[in-house]
Amino acid sequence: MSQIRVRNRLKPHENVSGATVTIASASNSVSGVTNSSGSATLNIDAFPDGDYTLTVTPSSTTTDPVGPAVASSPTPPDRVFRSLPATVSISAKKITSASVPVTSRTDGDASVDTHHVVTVDLQPVWMHSPNNGSRGTHQVTMIIVHHTGGPVIGPAINTFLSTGEQTSAHYVINTDGQIVKMVQDSRRANHAGEAHWAGVSDVNSCSIGIEIVNSTGTYPQAQYTALLDLIARLRTSFPTIVDWNIIGHSDIATTAGKLGRKSSDPGLQFEWSRLEGRRYGMTMIYGPFPTTIYASFFDSFPSESLRRGDNDAKRIFGGSKRTAITGNPVRQLQDDLTTIGYHLGTPDGDFGDKTRAAVQMFQEHFFAGGRGHKAPDGKVDWQTAQWVRSVVGAHP
Ligand SMILES: [Zn+2]
């Protein structure tokens, strides 16, 4: 007799019950179904020594790429896993080795311990988060990109599966580019917190949230490939998504004019240029722009910055009283940031905390991926000013 144990690859203490396991040769086949402990026992006594195919088929499985098609039924199961083929070697009526073909290793792993127990770890593609709600009458118009802030996927998945923090995202992209779906696209997930973008304050109800497993350092190519493919699938299924509104959490996180706790999310390592190349998200036109922008402030003071405390009515620009500047550069800047989608309250010509936060959010996006000439600081120097005009110019 041979024991096969089937587990969730991303949550190894979670057994996969109800999976059909089969060992087959051309002339013989034995099958079993895993019990609540994820175990099935197969009688392999009739198998001569040799290599055989072990097939593991979970009760809910799919070959679809992870996206809108996965777990889309009105009453989805709790889990959906990939099916897996493995090769097992039988010697003297015991399984002595198990391996998965290279081409199937995205779907799982298999190994044998010293007691000849085979352990199969299946890749989940759907793990149902309880933290979801109705979108009400809202349509999906945005995609919000996040990073988890941790190096491995486990803690993020556990958080989204537990009801403790009540947070969730629709999709999580692992470091190897594999995607796990956790909330149905038709439902609202809790990923954005208090947020504003393009005049919308109920971002969760209008968006799909994608978390990328990343703590620090560059994002692997596999994650960009997965993200771009997922966005393409979502754009096909939800034509209501506005390309411009494919943005980062740090673009929308605001709390009373301060940066949200999720500032720098997905962070300065994230290469938005990858999305811009597909016309996803905010884009830009290329300058050069005349120094007459923003009331010619940079014509007069090319190495200074518009900053918090500046005020059109008081004629304070770059931190000093400058009556020679005519026009309203702060108000123009506020109008531009608002056009792009950033939230700073009602444009009023007063460069306060909310405007400073909006500038920093803008910089966190456009300076990311090594494009910045300085760290995001909420101050509008000549180069930042040109970036803002460049993005405004591309806004549809
Ligand atoms: Zn986030």
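For ligands, and for the atoms within them, numbers begin at 1 and follow the listed sequence.
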In [X], which N, O or S atom comes closest to the Zn ion (ligand 1)?
| X | answer |
| --- | --- |
| His146 | ND1 |
| His249 | ND1 |
| Asp265 | OD2 |

Is NZ or CZ of Arg307 both nearer than 6.0 Å to the six-membered ring centre of Phe351 and within 45° of the ring axis? no
Side chain of Gln334, backbone of Gly349: donor and acceptor closer than 3.5 Å? yes
What's the verdict on ring pair (Phe, Tyr, Trp, His ring centres under 6.0 Å) for Trp244 and His395, showing C-alpha distance, side-chain angles and the deciding distance? CA-CA 8 Å; Trp244 191 265; His395 187 267; 4.9 Å; yes
Verify the neighbour count for atom NZ of Lys374: are there more than 12 heavy atoms of other residues, nucleotides or ligands below 6.0 Å? yes
